[in-house]
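Worksheet: the structure to be examined is printed underneath.
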Amino acid sequence: MSKPGLPQGTRDFSAAVVHKRNYIFQTIRHVFECYGFQPLETPAMENLDTLMGKYGEEGDKLIFKILNNGLDNPDKHQQAKEDFEKVLAGKNTKGITERALRYDLTIPFARYVAMNYGQLTLPFKRYQVQPVWRADRPQKGRYREFYQCDADVVGSKSLLNEVELAGIYATVFEKLGIPVEIRINSRKILAALAELCGGADKMVDITVAIDKLDKIGLEKVKTELATKNLTYAQINTIEQYLSITGDNAAKITALKQLIGNNETGLKGIEEIEYVLNYPLTTHHSPLTTDFTLARGLNYYTGIIFEVKALNVQMGSIGGGGRYDDLTGLFGVPNVPGVGISFGVDRIYDVMEELKLFPDEVQAGTRVLFFNLGEAENKQAFGLMQQLRSKGIASELFHENTKFDKQFKYAEKKQIPYVVILGSEELANGTCLVKDLRKSEQQSITQAALADFVFL
RNA sequence: GAGAGCGUAGCUCAGUUGGUUAGAGCGUUAGUUUGUGGCACUAAAGGUCGGGGGUUCGAGACCCCUCGUUCUCCCCA
């Protein structure tokens, strides 16, 4: 018998953690619904065909594949061996695996939309909160099983959707109490930059490089661009672009001077200005234009978002953007969409670090009834059921032991109240309610217990 | 896919140039205390030193392999 363990990159969540995570999930779900989004759940596994080729070469390698059943069937040994040879040759894997764990929520959503396109009311707004799996090597803040919280709108090109999604970000993080900067850019502006540098085909290289500006600094970005065969003049243009600073208005002015006469660029700037002009909250706009924001995923075509928590050392805690033709991959072309995602695990870490979880999140048992004998228990049990029917979480201690044990149990489980109903109380129809936090107790009638306020 | 660090009690960790029977704190259990918890004191349980091989009179320590885990790069949430 070996020691039990967990698969690499997975976690157990104990009660305290589950409560806190649920607080985050509930906040996000509530805001999603408040903005008119409806829930969708899809299976943990998808057909391998659905996933392969959607995440790039790297992404394909990180998909957890599920071994077909019945490979050990003696009648099929020959076939299985041949199929496995194909896998080793990097070819068709159908004979060995044809299902895989979902890698993200976006592609399953696209699959769902493609399958149900005729029945959907457009624009279709759905949200989805489910775990995804990646065969990545785990490291700080990165797991092989983690939750994503996505909200997407498909079937509408209106920039109003972008405004709504930015509003969701602003609302959720305000509710959670996390100070954030919601960064916004447009892929069209990046495309314009690439055009300006004479290499529309270089857009991917350029975006990948400048996305790292925060991390590696300007000099290393320039070095990386040089290795991608960009000329000195092109790199110089990009440097000018990256050095744009100031508030939103100042940045836009500077950007217009740099690439303002480029048609694609103008469209991008127009998009940004549109979104910035909506009052998302009662306060000033929490949106920050950031022209260095690129986002790795290549299917983005318009506005892109990224959320960064302030005052903490942490990567982005949310991101998203517009994509023009996601379901085209599944045979339904011309369905534009835009979506955002929340990184729950990182949000958790940020809230833990900034101590933002409210105390009431930890609500466990409120009242412990002491076990002081069979006759006493019967009376206590009835009273306990009354409390439970009022939604007050209660327990009756499991055995008749000395007070010491029962008190210590309450203390360890952080149960704030104990109710003592012994032979004496049984005889005169009372019970003793003790507040362990204040170390104060009072005797009340049993009839009054149901109306007692357990603060 | 590439690189680095760490594996000693349930947890956090000590363990001297390699030397007798591997320790501490916390936690757990029991007791001091059969109607009043937190504190204190006493005692107990708990280890194939991740696994395998090697060097040595002798290995928790040194060498090789392996497994696990953490971190960095790549990429990503």
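Every chain is numbered from 1 and lettered A, B, ... according to where its sequence line falls, protein lines coming before strand lines.
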Can you tell me the distance, in whole Å, between the CD atom of A:E376 and the C1' atom of B:G35?
12 Å

Base of B:G35, side chain of A:E425 - is there a donor-acceptor contact under 3.5 Å?
yes

Side chain of A:D404: nearest nucleotide among B:U33, B:U72, B:U29?
B:U33

Heavy atoms under 4.0 Å, any strand shown: does A:Q406 hit a base, just sugar-phosphate, or nothing?
nothing

Sugar-phosphate, base or nothing in reach of A:K434, heavy atoms under 4.0 Å
base

Which whole number of Å gives the distance between the P atom of B:A77 and that of B:A2?
23 Å

Which of B:U36, B:A77, B:U72 is nearest the side chain of A:Q441? It is B:U36

Rounded to whole Å, CH2 of A:W133 lies from C1' of B:C76 at a distance of 18 Å

Can you tell me the pairing partner of B:G68 across any strand shown, Watson-Crick or G-U wobble, with both distances under 3.5 angstrom?
B:C6

Rounding to the closest angstrom, what is the interatomic distance between B:G25 and B:A44 at atom P?
13 Å

Would you indicate whether A:E41, at its atom CD, is surrounded by more than 12 heavy atoms from other residues, nucleotides or ligands within a distance under 6.0 Å?
no

Can you tell me if A:K402 touches the phosphate of B:U32, counting only side-chain N or O atoms and a distance under 4.0 Å to OP1 or OP2?
yes

Take atom C1' in B:G60 and the same atom in B:U8, then report the distance between them in whole Å.
7 Å

So which nucleotide from B:U36, B:G37, B:C75 ends up closest to the side chain of A:V208?
B:C75

So A:K413, base contact, sugar-phosphate only, or nothing? Heavy-atom distance under 4.0 Å.
nothing

In this structure, how many angstroms lie between the C1' atom of B:A77 and the CZ atom of A:F305, rounded?
17 Å

Partner nucleotide of B:C73 by Watson-Crick or wobble geometry (both distances under 3.5 Å)
B:G1

NA contact type, A:S423, heavy-atom cut-off 4.0 Å: base, sugar-phosphate, or nothing?
base

A:Y323 vs A:Y300 aromatic rings, parallel, tilted or perpendicular, using cut-offs 30° and 60°?
tilted

Between B:C71 and B:G58, how far is it from one P atom to the other, in whole Å?
40 Å

Below 4.0 Å: OP1/OP2 of B:U36 and any side-chain N or O of A:K408
no

Which part of the nucleic acid, if any, lies within reach of A:Y143 when heavy atoms closer than 4.0 Å are counted: base, sugar-phosphate only, or nothing?
base

Can you tell me which nucleotide in B:C75, B:G1, B:G38 comes closest to the side chain of A:E411?
B:G38

When you get a sec, tell me which of B:G3, B:C76, B:U28 is the closest nucleotide to the side chain of A:K412?
B:U28

Can you confirm whether more than 12 heavy atoms, excluding those of A:Q414, are under 6.0 Å from its CD atom?
no

Nearest whole angstrom, please: distance from the P of B:U70 to the CD of A:Q8.
7 Å

Taking atom C1' in both B:U70 and B:G54, compute the distance separating them and give it to the nearest angstrom.
28 Å

Assign A:Q139 to base, sugar-phosphate, or nothing according to its heavy-atom contacts below 4.0 angstrom with the strands shown.
base

Applying the 5.5 Å / 30° rule, does A:F146 stack onto the base of B:A77?
yes

In plain terms, say whether A:K125 and A:D152 are close enough for a salt bridge, that is, a side-chain N and a carboxylate O under 4.0 Å apart.
no

Closest nucleotide of RNA chain B for A:D435 versus for A:G319: which of these residues is on the 5' side?
A:D435

A:Y112: partners by ring-ring contact (aromatic ring centres under 6.0 Å, His included), with sequence neighbours left out:
none

Among A:R388, A:K413, A:R366, which residue meets the salt bridge (charged side-chain N to carboxylate O under 4.0 Å, His left out) test with A:E395?
A:K413

Considering only the P atoms, how many Å lie between B:A24 and B:G47, rounded to the nearest integer?
15 Å

Test A:E46 against every option in A:K65, A:R111, A:K54 by the salt bridge (charged side-chain N to carboxylate O under 4.0 Å, His left out) rule and name the one that passes.
A:R111

Do A:D435 and A:R437 sit within salt-bridge range, that is, some charged N less than 4.0 Å from a carboxylate O?
yes

Would you indicate what A:T401 reaches in the nucleic acid, counting non-hydrogen atoms under 4.0 angstrom: base, sugar-phosphate, or nothing?
nothing

Taking everything shown except A:D12 itself, do over 12 heavy atoms lie less than 6.0 Å from its CG?
no

For atom CG of A:N371 and atom C1' of B:G37, their distance in whole Å
17 Å

Paired with B:U20: which nucleotide, if any, by Watson-Crick or G-U wobble criteria at under 3.5 Å for both distances?
none

Kindly point out which of B:G1, B:C76, B:G35 is positioned nearest to the side chain of A:R346?
B:C76

Separation of B:U36 atom P from A:F397 atom CZ, nearest Å, is 16 Å

Under a 3.5 Å limit on both distances, the Watson-Crick or wobble mate of B:U28 is B:A44

Applying a 4.0 Å non-hydrogen cut-off, can you work out what A:L432 is touching in the nucleic acid: base, sugar-phosphate, or nothing?
base

Please figure out whether A:I415 or A:F342 has its closest RNA chain B nucleotide nearer the 5' end.
A:I415

Which whole number of Å gives the distance between the P atom of B:G23 and that of B:G46?
14 Å

On the side chain of A:R142, is there an atom forming a donor-acceptor pair with the base of B:C75 - under 3.5 Å, no angle test?
yes

Rounding to the closest angstrom, what is the interatomic distance between B:G35 and B:U28 at atom C1'?
26 Å

Once you round it to whole Å, what is the distance between C1' of B:G38 and NZ of A:K438?
18 Å

Let's test this: given Watson-Crick or G-U wobble pairing with both distances under 3.5 Å, identify the partner of B:G60.
none

For B:U33, give the paired nucleotide (Watson-Crick: N1-N3 plus N6-O4 or O6-N4; G-U: N1-O2 and O6-N3; both under 3.5 Å), or none.
none

B:C76 C1' sits how many Å from A:E145 CD, rounded?
17 Å

When all nucleic acid strands are considered with a 4.0 Å heavy-atom cut-off, which category describes A:L6: base, sugar-phosphate, or nothing?
sugar-phosphate

Answer yes or no: side-chain N or O of A:K140 and base N or O of B:U70 forming a donor-acceptor pair under 3.5 Å.
no

Among the nucleotides B:C76, B:U72, B:G37, whichever has the atom closest to the side chain of A:R134 is B:C76

